[in-house]
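Report on the structure given below.
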Amino acid sequence: MTAIALATHGLNKSFGALKVTQDVRFKLPVGARHALIGPNGAGKTTFINLLTGMLPPDAGTIELDGTEITALPPHERVKRGLARTYQINTLFPDLTPLEAVTLVACERHGVSRQWFPSLASRRVLIEEAYALLAQLGIGDQARRPTRHLAYGHQRVLEIALALATHPHVLLLDEPAAGVPAQESGILYEVISGLPKEIAVLFIEHDMDLVFRFASYITVLASGRVLREGPPAEIAEDPEVRAVYLGTAVHG
Amino acid sequence: MTTEAQTTKAIADFRAQVRWQWYEPLFWLGAIAWYFLFPTYLPLGTQILCAALFALSLDLILGYGGIVSLGHTTFFGIGAYTAGLLAKHGWGEPITCLLAGGALAAIAGWICSFVIVRVQGVALLLVTLGINLVLYEAANKAYTITGGADGLQGIEFWKLFGVFDYDIYGRVSFVYTLAVVFVLFLVARRIVHSPFGLALKGMRENWKRMPALGAALRRHGALIFVLSAAIAGLSGALLAESVQFVALDSLGVQRSVDVLTMLIVGGTGVLYGSFVGATVYMVVRDQLADLNPAYWYFWIGLILVVIVLFTRNGLVGALSDATDWLKRRRGGGTAS
Ligand SMILES: Nc1ncnc2c1ncn2[C@@H]1O[C@H](COP(=O)(O)OP(=O)(O)OP(=O)(O)O)[C@@H](O)[C@H]1O
Ligand SMILES: [Mg+2]
């Protein structure tokens with residue numbers, strides 16, 4: 001049996017009367033390629049917010065590598081190897097991708113509150129940042145302000161920032177959201193090219209991409225885990241087809 | 001292009017940010033030239049320098065860290081009163097009074113930072129304003145110590161280094177202030193071009209993303225707030241030393257608004273915005289106060305509105321846009 005990188009037990013969250021996460025029991029094995037699907041408003045993004053500590057759960061626990069992290073602040077979880085991206089670009093418009101990734105490298109090396117030496121002399125960190133951008137195919141965009149980047153490049157930068165924290169669990173919230181269908185494949189090539197040791201959980205509405213890249217699928221509906229299993233099983237499940245595949249499928 | 005070449009270019013980009021630009025030596029030479037060109041305006045020059053340093057301290061939290069404050073004069077005032085009270089009670093050595101002012105302001109900033117890093121937006125404006133108002137009224141009531149509305153009078157600082165007496169033309173005061181401001185400018189310049197400076201820009205550009213990248217946002221915020229408060233305190237102490245007096249309005253909300261205005265007029269997040277803004281503000285006030293003292297805020301308000309509406313980032317932003325435009329035009333001219 002493979003080790004579990006990330007797990008939740010009886011996770012609950014409500015916004016007022018709206019129950020967005022209900023008794024969610026979830027396991028993400030080391031090195032997994034795991035898709036989280038479900039109709040709009042199912043609570044997928046909320047689940048990621050709970051996992052990463054952006055929202056406190058009402059009840060339940062979260063474990064990273066077998067250690068409970070439910071009470072840890074977000075940045076401490078990042079330091080332990082849990083990173084995420086955002087459904088809606090959450091970037092630094094006036095910084096260049098290189099500056100942004102270097103910023104993350106500084107955080108990871110624990111030098112982000114230092115004034116000496118100057119940034120320019122942090123050669124190793126800058127090289128590391130550039131290498132990551134080049135590896136993801138946006139090396140030639142590295143020195144332009146982020147706000148001038150094409151939307152597709154910005155989506156790649158979303159992933160680059162998360163990767164710069166050197167995670168071993170990566171949560172991707174609709175990485176291809178808003179990217180034209182013919183380009184979304186490129187993003188997923190980037191994702192499938194990630195080191196095998198990284199466990200990846202991705203939210204995706206495009207079922208072709210889900211079936212192509214996921215080896216396991218969790219279906220969320222109204223905050224509950226409706227089904228989980230390998231793609232072949234999920235594709236055949238009549239209930240899943242009814243609540244999800246039949247309804248709000250978009251790209 | 002090879003990765004090697006690209007990385008070299010990328011590092012050159014970071015180097016270029018740290019390197020002194022052509023206008024920087026000019027600017028500081030200009031400040032020195034003021035001493036020789038305007039011998040009768042040295043007290044004004046000193047006040048401009050103090051105001052610019054104060055604006056620079058605000059720029060570090062606002063223009064770089066993205067932390068807004070409507071009460072930054074809290075720390076300016078603490079610095080001024082600390083220096084003033086020491087001198088009044090028998091210790092008038094300028095350098096130690098200055099450092100004490102900065103230190104006390106830093107401690108006050110550290111205490112405030114526990115609240116500051118927990119709020120954002122309008123709440124942050126109100127908290128900083130509230131702290132400022134509390135301190136102002138406290139200083140007003142404690143008139144036996146502070147002199148209340150009359151200000152702290154009868155203070156006298158000793159000779160600088162035991163040698164240079166504060167002269168009535170303000171020569172010593174100007175040179176001393178310029179030297180201190182220059183050193184603190186170098187400190188600020190070092191901060192913004194360091195890894196910490198990059199983290200600050202990250203906070204300004206998108207503070208929500210920072211924790212998701214492993215940043216301890218509150219510790220970043222607290223550190224820059226303390227540094228900023230220290231510099232604000234030093235600017236207050238410098239002013240107290242040069243005018244040998246501390247007015248109650250050095251803690252007044254008006255001064256918090258004034259410094260914000262100077263910074264916006266000059267430009268935020270560009271270091272020199274503070275100096276340009278403070279110079280324009282103080283010179284306009286000096287000139288207009290002669291013409292029509294009652295209405296000079298009318299003109300300051302008008303300048304503020306025009307600058308906010310028509311420039312990208314204050315006067316420095318307008319200047320850099322203009323030089324970019326000239327460069328492009330010249331570049332286009334040679335290409336065609
Ligand atoms: N901070 C909040 N306060 C109140 N309600 C919220 C909040 N965040 C999300 N919701 C509500 O919770 C429900 C689940 O939202 P969530 O964003 O998790 O859905 P999702 O599955 O990611 O949907 P989508 O596919 O559209 O991204 C929605 O009805 C949403 O309106
Ligand atoms: Mg979502």
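By convention in this document, chain letters (A, B, ...) are assigned in the order of the sequence lines, proteins followed by strands, and residues within each chain are numbered from 1. Since the model is a prediction, treat every value here as computed from it, not as a measurement.
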Next item on the list: Heavy-atom distances under 4.5 Å only: say whether B:V187 touches chain A with side chain, backbone, both or neither.
Entry: side chain
Notebook entry, point to check: Based on non-hydrogen pairs under 4.5 Å, which of A:E127, A:E99, A:R84 is most in contact with chain B?
Noted result: A:E99
Next item on the list: Run the salt-bridge test on A:D94 and A:R147 with the 4.0 Å N-O cut-off and return the result as yes or no.
Entry: yes
Checklist line | Residue part contacting chain A, namely of B:L198, when any heavy atom lies under 4.5 Å | finding: both
Note to self: Quick one, B:F185 and B:L271 - any side-chain contact, counting heavy atoms below 4.5 Å?
What the structure shows: yes
Item checked: Among B:A12, B:A199, B:A16, B:A10, residue most engaged with chain A (heavy-atom pairs, under 4.5 Å) -> B:A10
Notebook entry, point to check: Relative to chain B, which segment of A:E158 carries a heavy atom at a distance below 4.5 Å: side chain, backbone, both, or neither?
Noted result: both
Item checked: Most chain A-contacting option - heavy-atom pairs closer than 4.5 Å, from B:I11, B:V18, B:V192 -> B:I11
Checklist line | Salt-bridge contact A:R80-A:E76 (side-chain N to carboxylate O under 4.0 Å) | finding: no
Next item on the list: Verify side chain to side chain contact (heavy atoms under 4.5 Å, CB included) between A:D173 and A:I88, making sure each step is shown before the conclusion.
Entry: CA-CA 9 Å; A:D173 195 351; A:I88 297 164; over 6 Å; no
Notebook entry, point to check: With chain B, which of A:T52, A:L161, A:V111 has the greatest number of heavy-atom pairs at distances under 4.5 Å?
Noted result: A:L161
Notebook entry, point to check: Using non-hydrogen atoms only, which part of B:H193 is less than 4.5 Å away from chain A: side chain, backbone, both, or neither?
Noted result: backbone
Margin query: Below 4.5 Å, heavy-atom pairs only: which of A:A120, A:S112, A:S118 has the largest tally toward chain B?
Written below: A:S112
Item checked: Per-residue contact mode, A:T146 against chain B (heavy atom under 4.5 angstrom) -> neither
Next item on the list: With sequence neighbours excluded, tell me which residues meet side-chain hydrogen bond (donor to acceptor under 3.5 Å, both in side chains) with A:E68.
Entry: A:T70
Item checked: Between B:F225 and B:H220, ring centroids under 6.0 Å -> no
